[in-house]
Asks: 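First the structure, then my questions, so here it is.
This structure is a prediction, so every number in the text was calculated from the model and none was measured. Just so it is clear, the values below take in all heavy atoms, side chains as well, and ignore hydrogens, waters and symmetry mates. Proteins come first, then strands; the chains are lettered A, B, ... in the order of their sequence lines, and each starts at number 1.
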Amino acid sequence: MNILEQTEDTLKQQIKAAVLKADLASEEEIPSIILEKPKEKSHGDFATNIAMQLARVAKKAPKMIADDIVSHLDKTAASIDRVEIAGPGFINFFMKTDFLEDVIPAILDAGAAYGTTNTGHGKRIQVEFVSVNPTGDLHLGHARGAAFGDVLCNLLATSGYQVEREYYMNDAGNQIDNLARSIEARYAQALGREAEMPEDGYHGADIVEIGEELAKEYGDKWLHESTEERINFFKEYGLKYEFQKIEADLNEFGVTFDNWFSEKSLYEENKITPMLHKLEEGNYTYEKDGAVWFRSTDFGDDKDRVLVKNDGSYTYLTPDIAYHQNKIDRGFDQLINVWGADHHGYIPRMKAAIQALGYPKNKLEVKIIQMVNLFENGQKVRMSKRTGNAVSLRELMSEVGVDAVRYFFVMRSNDAQLDFDMDLARSESNDNPVYYVQYAHARISTMLKQAENKGFALDGAFDAALLTAEKETELLKKLGEYPQVVADAAQKQAPHRVTQYVFDLASLLHSFYNAEKVLDADNEALTYARLALMKAVRITIANALALLGVTAPEKM
RNA sequence: GUCCCAGUAGCUCAGCUGGAUAGAGCAACAGCCUUCUAAGCUGUGGGUCGCAGGUUCGAAUCCUGCCUGGGACGCCA
């Protein structure tokens, strides 16, 4: 438990004790006591609305209740400096600042582990994200999902969950046949033959490349093989080529997976038929128009879904249900899927399937990532100038760098659409939040070097009680909040809270930097206290940036 | 037509489990470098929280209806 939590806990207990002593309510009648951190400084360090909540039970005006509570409160035990009653009945607590003195030692002690908690209690969570089809480049929506998923996993892992990252490879079914036939056409074309692309073929530049590569490597060998052999070979070749490219792009983006799950393996390991039988046994399927349908409307879907088409093949949904069953069978407590906004209509049928297989609906949670709109020179960028296709992750990374892309993609709530301003992401100015935060880290780093040059030992003893300036107190409070922010962001699955936090922390640092001088030969004691504070800030910024997958530079 | 997301300052967005005078950044305006990085800081102005009802001591937040924008509604994946 961190310092701030401890302080809050003690305070809550004391408030509860005061309520009982004042005979305002019985033990059972007391609602859980909520402490908030007022935005307004004049409202104290903590505030509670308990008096208003008790108004009905105690049948008294909130202000009188507040008076009663305050007069029965043991201020020393809760390390309260003073208490005020304000507004309609808020009780504002002004704490003795000594609790802040423990913040720095705690951070220096924990180092890179500061922010780690065990709020997840080892719960096993699997996060499936990206899972792009092997038929082209990763575009902006995928990239945002990749950044979101990755940071979410980092958050969960830091908060004591056991996390597994998985990529579901769509390496079977129609679209892969299509891929092979597209390659076939490009291959023939590369050999100078007339060949038409299949009707729903993939027209990306990568397929042309594959065709050329094959022509170079094999000449016209594959034109003479049987269609079956040729297509099978192209299928495998194309899959390998595409997934390698996807993996390489993701690696460069700082995203890796624990497991790449093959859709094809569901067929090879016979996972689909047993699943269909199970649905059938539960009477969740029926035949109509020569097809097998899933009665997903039993679980609130707006229409039933086809599992087996009248030509005997499966829809996309069918192996996907088997996949989710497989995931659950692997023993995860919770499944999280990160999907693009265009998949949201798919949620009810997958949740229906999970219930039909006998699992609770909330075993699966789906995070929907809203669309990304790219802007450059104030204009919406629809297509890449270079390729004429949608702008790819690779292109974006080379244009603005990994740090900016990652930061920008998790800066906003996942369910809000995102405007990505290329000029802003590129700009090396205070407008750019990434640079703003990184600059704070670099500033401290060079300052610490200066300190050493001037003969101040970086691990010197210090007295945190000397840090009483307003900017220092604010920094200390902010630093103390960090573990809760992380745990909160993990629990709410909201990575943007971390960008928000680290930006605020950087802002406080810059403000402090301008207001106070750290290295002061005439006041060694204060210098050492401030150096310790700076080290604590640097650690916290570095840890937050690490969660985001953004680098923390020593100098800029 | 049904469903999902969004609607908060000129722009881009926060706003946790309902709380006090709704917050940042950018843009605008006025200042701060002989001093640890000015990629920074300080100050000022700017809001009927889409609209209308309801619940509540108390609503940007919860409920209902409506309006606007985006997306999804295949025996595609």
Side-chain angles (χ1 to χ4, degrees), chain A residues 32 34 36-40 42-43 47-49 52-53 55-56 61-62 86-90 92 133 135 170 173-176 178 200 288-293 301-303 305-317 320 340-348 368 370-371 373 375 378 411-419 421 424 427-436 438-440 442-451 453-454 484-485 488-489 491-492 494 496-497 499-500 503-504 506-507 509-520 527 530-531 534 555-556:
Chain A
S32 77
I34 297 163
E36 53 178 281
K37 296 172 203 101
K39 295 165 211 151
E40 186 70 32
S42 65
H43 293 148
T48 182
N49 61 352
M52 278 114 93
Q53 289 187 309
R56 201 175 294 166
F90 286 100
N92 297 333
N133 289 348
T135 52
N170 297 113
N174 281 342
Q175 84 274 18
I176 301 309
N178 218 331
D200 320 312
K288 194 181 93 184
D289 305 332
V292 178
W293 294 70
D301 197 5
D302 51 2
K303 56 181 90 161
R305 308 290 169 177
V306 171
L307 293 171
V308 185
K309 297 185 237 174
N310 59 18
D311 68 359
S313 64
Y314 298 137
T315 61
Y316 177 82
L317 176 65
D320 209 11
D342 54 341
H343 279 68
H344 85 253
Y346 196 75
I347 299 172
I368 288 296
Q370 289 296 331
M371 283 177 35
N373 293 310
F375 286 86
M411 189 164 59
R412 305 295 183 214
S413 161
N414 63 288
D415 49 27
Q417 291 187 21
L418 180 78
D419 288 344
D421 184 339
L424 180 60
S427 79
E428 300 191 348
S429 76
N430 55 345
D431 309 2
N432 187 340
V434 191
Y435 279 88
Y436 185 83
Q438 289 181 320
Y439 184 49
R443 257 186 160 174
I444 298 174
S445 299
T446 49
M447 189 199 301
L448 295 181
K449 269 189 204 117
Q450 283 276 341
N453 292 342
K454 290 187 178 174
Q484 275 179 341
V485 170
D488 223 42
Q491 193 241 322
K492 300 207 159 66
H496 71 279
R497 285 178 188 237
T499 57
Q500 205 95 28
F503 185 88
D504 288 347
S507 174
L509 183 275
H510 288 310
S511 180
F512 164 80
Y513 185 96
N514 275 271
E516 315 286 349
K517 188 150 162 91
V518 173
L519 305 175
D520 181 0
T527 299
R530 286 183 170 166
L531 277 175
M534 290 300 102
K555 62 176 176 190
M556 292 171 79

Asks: Pull up the glycosidic torsion of B:C29 and say syn or anti, syn being anything within 90° of 0.
Replies: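 It is anti.
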Asks: Who pairs with A:Arg497 by salt bridge (Lys or Arg N to Asp or Glu O under 4.0 Å), at least two apart in sequence or on another chain?
Replies: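 Applying salt bridge (Lys or Arg N to Asp or Glu O under 4.0 Å) to A:Arg497 gives A:Asp488.
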Asks: Stacking between A:Phe503 and B:G25, defined as ring centres under 5.5 angstrom apart with planes under 30°, is that present or not?
Replies: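 Taking the rule of under 5.5 Å and under 30°, the ring of A:Phe503 does not stack on B:G25.
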Asks: Does A:Asp302 have any salt bridge (Lys or Arg N to Asp or Glu O under 4.0 Å) partners at least two apart in sequence or in another chain, and if so, which?
Replies: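 With sequence neighbours excluded, A:Asp302 shows a salt bridge (Lys or Arg N to Asp or Glu O under 4.0 Å) to A:Arg305, given in chain and number order.
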Asks: Compare side-chain N and O positions of A:Asn49 against OP1 and OP2 of B:G19 and report whether any pair is under 4.0 Å apart.
Replies: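 Checking A:Asn49 against B:G19: no side-chain N or O falls below 4.0 Å of OP1 or OP2.
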Asks: Counting the atoms with a prime plus P, OP1 and OP2 as sugar-phosphate, which does A:Thr315 contact under 4.0 Å by heavy atoms, base, sugar-phosphate, or nothing?
Replies: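 The residue A:Thr315 makes sugar-phosphate contact but no base contact.
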Asks: Show me the protein contacts with nucleotides 69-73 of chain B, counting only N or O atoms at under 3.5 Å.
Replies:
from, atom 1, to, atom 2, distance (Å)
B:G70, O2', A:Gln417, NE2, 2.9
B:G71, N2, A:His344, NE2, 2.6

Asks: For A:Asp289 and B:G74, give me the distance from atom CG to atom P, rounded to whole Å.
Replies: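 So the CG-P distance, A:Asp289 to B:G74, works out to 15 Å.
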Asks: Which residues pass the salt bridge (Lys or Arg N to Asp or Glu O under 4.0 Å) test with A:Asp419, sequence neighbours left out?
Replies: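 With sequence neighbours excluded, A:Asp419 shows a salt bridge (Lys or Arg N to Asp or Glu O under 4.0 Å) to no residue whatsoever.
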Asks: Starting at the 5' end of RNA chain B, write a dot or bracket for each base, bracketing those in Watson-Crick or G-U wobble pairs whose two distances are under 3.5 Å and using | for partners on another strand.
Replies: (((((((..((((.....[...)))).(((((.......))))).....(((((..]....))))))))))))....
Asks: For B:A20, does the base pair up with any side-chain atom of A:Asn92 as donor and acceptor (N or O, under 3.5 Å, distance only)?
Replies: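 By the distance-only test, yes, there is a pair.
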Asks: Between atom CG in A:Leu509 and atom P in B:U42, what is the gap in whole Å?
Replies: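 Those two atoms, CG and P, are 12 Å apart.
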Asks: What nitrogen or oxygen pairs link the protein and nucleotides 31-35 of chain B at under 3.5 Å?
Replies:
from, atom 1, to, atom 2, distance (Å)
B:U35, O2', A:Lys517, NZ, 2.8

Asks: What distance separates A:Met534 CE from A:Met447 CE, expressed to the nearest 0.5 Å?
Replies: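 So the CE of A:Met534 and the CE of A:Met447 are separated by 5.5 Å.
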